[in-house]
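To keep things clear, I will list the structure first and then write my remarks on it.
Remember, predicted model here, so these are calculated numbers, not experimental data. Chain letters run A, B, ... following the sequence lines, proteins first and then strands; every chain starts at 1.
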Amino acid sequence: MAVYVLSEGAGPGSQVPSHLTRIPIAGLSPSSDFTNKTVKGKVIHKGPLVTVEAGDFILKSVIHEEDAMQSSCSQKTSINIIIFGALAENFNHTVSQGDVVLASGFIVGKSPTANKDKLHSCNLLLSGDDACIYVSKQKPPDPRCQLASKRSSLSCPEDPRSVKAPKYTYVRLDQLKTGTVVNVYGVVTFFKQPFKSRGTDYCSSLKITDQSNKKIGCTIFCEMLEEHPTIFQTGDIVRMHRVKVQLYNKSFTLINTRGFSVVTFDGSVGVAIEPRTSSSTFHFDDSDRRTVEELRSWSASQTLLPSVSAAVPLSAVQPNTYFDLTCQLLAKASVDTTCTLLRVWDGTRCPHTLLKVIVEPNVTEGPSSFSERKESHIANVLVYDNHVEFARDLKPGAFLRIYNLRAIPGSSKVPGLTSSQPVEVDHLAFHLHGGTSYGRGIRVLPENTPDVQELKRIMEAFSDDEEDDVSEMNDSELLEVWSTPPEFLDGDAVDCQTVRTCRHRLQPVTLSQVKQSDPSQVHHVRVQLRSYQPHRLHQALKLFCSKCASIQDIPDDELVALIFSEASKHSKACSRPPWALAGHVDLPAGTSGCRSVYLSPRLMIPGRTDQLIFLMGCTLEETCQLAAAYPNIIPVSSSGGQLALLDLSAPCLFRGKNRYYGCKRCSEAALREPSPEGMEGINERTIAKDLGVQLLQSVLLMKLELQDATDTLDVFLWKHAELFFSVAAEDVSANQEAQNRIRQAMDILCPAEGSNGERPWLDLCLMAYCTEGDERKNQTCYQICNTVVVKPTSK
DNA sequence: GGTTAGGGTTCG
């Protein structure tokens with residue numbers, strides 16, 4: 001007694017046991033013997049599953065013989081079939097209307113409904129061990145059927161793997177149509193952990209992209225947390241079924257609809273494809289596997305996608321940065337109603353002195369003290385507001401990822417019972433601010449994730465015994481390991497000047513192996529830096545347009561100064577735009593005179609009238625001086641009697657020491673009145689939007705020559721350059737400290753010829769990819785990814 | 001069945 005699903009396309013006949021013979025429906029009569037006989041028909045009606053008593057069922061169906069054997073129009077070729085017991089339940093799960101079935105082991109009875117339904121005068125009764133139904137799926141059935149096929153362990157007698165589940169079709173993100181319900185695949189470029197909405201559900205917010213390069217926002221409302229996407233980091237791949245395409249703010253958004261389901265995969269090339277889903281019905285076949293692999297490979301080659309991970313180990317945390325921390329919770333304590341202390345570690349030691357928070361032992365969950373050495377590896381994380389509720393459910397021992405954690409230097413203002421720790425410059429405090437901006441939140445990581453496995457490996461190697469520490473090795477030992485070719489080194493034995501922040505579980509390879517590998521792969525290497533370009537680090541700073549992907553040098557100051565002086569020559573009285581108010585601003589002391597400015601009356605809010613000024617007739621030098629006093633300056637000049645923006649070769653905006661440029665190709669720049677809504681949180685993005693300017697982004701671009709015992713290799717440092725140096729590219733142009741940080745890092749990684757410094761070994765994650773441009777088509781390039789320079793521990 | 005939100009850092 002079973003329902004067998006036959007493989008697609010083979011036709012029911014080919015996989016049915018050969019001792020069975022098919023007979024026509026029309027010729028059935030109650031008296032005959034039907035041992036080893038079958039009838040075949042399409043299911044034209046499928047009744048509900050009726051429970052007679054617990055575990056006993058009846059189901060009525062009608063099949064129609066389409067390729068009627070020896071039949072004429074007048075003959076009855078549709079017949080009722082009544083199925084009993086577990087077979088009925090099985091049939092209900094497996095068979096859909098439209099399927100073609102072949103039944104055997106039946107009894108033929110007299111149909112009591114023949115007069116009413118005008119069907120065959122007989123019916124087929126299927127019950128007991130002899131009854132059998134072979135199904136040939138004719139169309140994609142309700143996806144819920146897959147659950148049934150798993151539960152009831154349906155199989156085809158010849159080949160269990162031939163059970164074909166329906167094939168879903170997936171819409172590329174540039175093919176979305178408003179109002180349709182679609183299935184999609186995408187690489188996550190932004191996400192928020194589910195947070196409580198004002199309604200009844202939790203809300204997940206994410207943005208995804210695919211090979212079409214379209215970025216689509218998605219909003220998922222589900223009451224149950226487990227129904228939400230299980231996203232651990234940007235770069236993860238999601239597959240969503242039954243999301244509706246809506247238009248919001250002229251952009252498509254995807255929102256879950258009835259029957260929504262989502263599966264998430266790790267997005268890294270080379271990591272096992274393990275679906276993360278709460279859905280027990282989910283379907284995954286070779287074509288899904290292919291899709292995931294293609295998206296991984298494509299994503300790895302995209303320099304425009306956000307960093308694969310913002311994850312930084314405690315050993316590489318820099319003050320004044322936001323980062324993601326993968327860690328284990330050791331203990332926690334409620335500080336007050338809006339703040340909870342999480343004591344965490346990741347097995348590495350932060351070179352900065354960390355803030356100490358003292359709480360009473362009786363409010364601490366988990367151990368209230370640790371060995372001195374372990375204590376030095378523990379970070380105190382203060383989580384606020386909405387995160388307090390989430391933290392309440394966390395258990396010591398859990399593995400966590402804390403998103404958008406902020407490292408604040410020198411802060412001693414901590415609520416509750418704190419030590420009277422003096423404010424020292426090097427003290428670092430970790431805050432998870434309230435809200436969900438930038439995906440702020442906490443997620444518990446399951447034990448089987450690669451990240452947690454890696455964490456455990458590091459933690460197991462941790463010893464409370466100070467002597468075991470590698471840093472305690474004497475110089476001659478260090479010299480010995482440093483002069484050993486990298487392929488002979490144990491992965492952890494050397495103090496490396498860099499650490500990888502990725503989760504690829506890859507064995508390090510040599511550069512010669514890298515060169516022999518296929519492109520679109522990720523490699524881990526241990527190398528030295530032989531040389532790098534440009535040596536004048538300010539030349540490493542470029543301007544990048546995220547819209548047209550062009551990259552250009554930062555305009556030379558002389559050129560910019562020339563544009564300003566030319567513009568100021570032509571700055572005579574001109575008609576002001578109807579919305580603007582005209583005024584004057586005094587030049588800084590030491591220079592004489594004053595200059596025309598224009599203001600928007602929308603900004604004439606007490607206390608903030610000078611938030612944004614349009615400045616006319618100033619030299620570059622004067623503008624820079626005024627930028628110290630006015631937070632936002634837009635240089636303008638007179639053009640044809642009208643007030644106009646300067647040529648986009650010059651900065652379109654000064655904000656303090658920062659200058660912002662627009663893309664000439666992608667901007668439709670014009671002087672427009674600032675939008676009032678922008679004034680609440682005025683910044684370079686809101687201003688650029690008002691002016692129609694596509695802002696150029698500061699990026700760092702360097703070429704590094706790597707070497708090991710086997711070969712040398714030129715690689716780029718671009719997409720993850722900010723992570724590598726722990727600086728914001730934007731700061732590099734205006735901030736001496738950021739410039740020094742890069743200079744110092746490069747001096748350590750690649751000491752100048754003749755200096756005493758040894759070239760340190762570097763653990764790097766390298767991404768290989770093919771260039772797509774016409775000129776250098778199919779050339780393999782390499783970029784350093786997921787790698788952070790570690791500063792030597794301050795003595 | 002309809003609603004929630006619609007990314008863009010902070011009180012600490």
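B/dT10 and B/dG6 are spaced 14 Å apart, taking the P atom of each and rounding to whole Å.
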Query raised in the report: Reading nucleotides 3-9 of chain B 5' to 3', which nucleotides get B (base under 4.0 Å from a protein heavy atom), which S (sugar-phosphate only), which -?
Result: BBBBBBB
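For A/Y438, the side chain to side chain contact (heavy atoms under 4.5 Å, CB included) partners two or more places apart in sequence, or in a different chain, are A/N404. Partners of A/Y170 by ring pair (Phe, Tyr, Trp, His ring centres under 6.0 Å), not counting sequence neighbours, listed by chain and number: A/Y185, A/H241. A/F265 meets the ring pair (Phe, Tyr, Trp, His ring centres under 6.0 Å) test with A/F284; sequence neighbours excluded. Considering only residues two or more places apart in sequence or on other chains, A/F725 meets the ring pair (Phe, Tyr, Trp, His ring centres under 6.0 Å) condition with none of them.
Atom pair A/L342:CG and B/dG12:P shows a separation of 19 Å (rounding to whole Å applied). Across the protein-nucleic acid pair, A/H427 atom NE2 and B/dG12 atom P stand 19 Å apart, rounded to whole Å. If you measure from atom CG of A/L432 to atom C1' of B/dC11, you get 14 Å, rounded to the nearest angstrom.
Residue pairs meeting the side chain to side chain donor-acceptor pair (under 3.5 Å) criterion with at least one member in residues 195-204 of chain A, sequence neighbours excluded, are A/K196-A/E389, A/S204-A/H228.
Syn is the glycosidic conformation of B/dG8, whose angle stays within 90° of 0.
For A/F544 and A/W718, the ring centers sit closer than 6.0 Å to each other.
Among the atoms of the strands shown, none is found under 4.0 Å from any heavy atom of A/G439.
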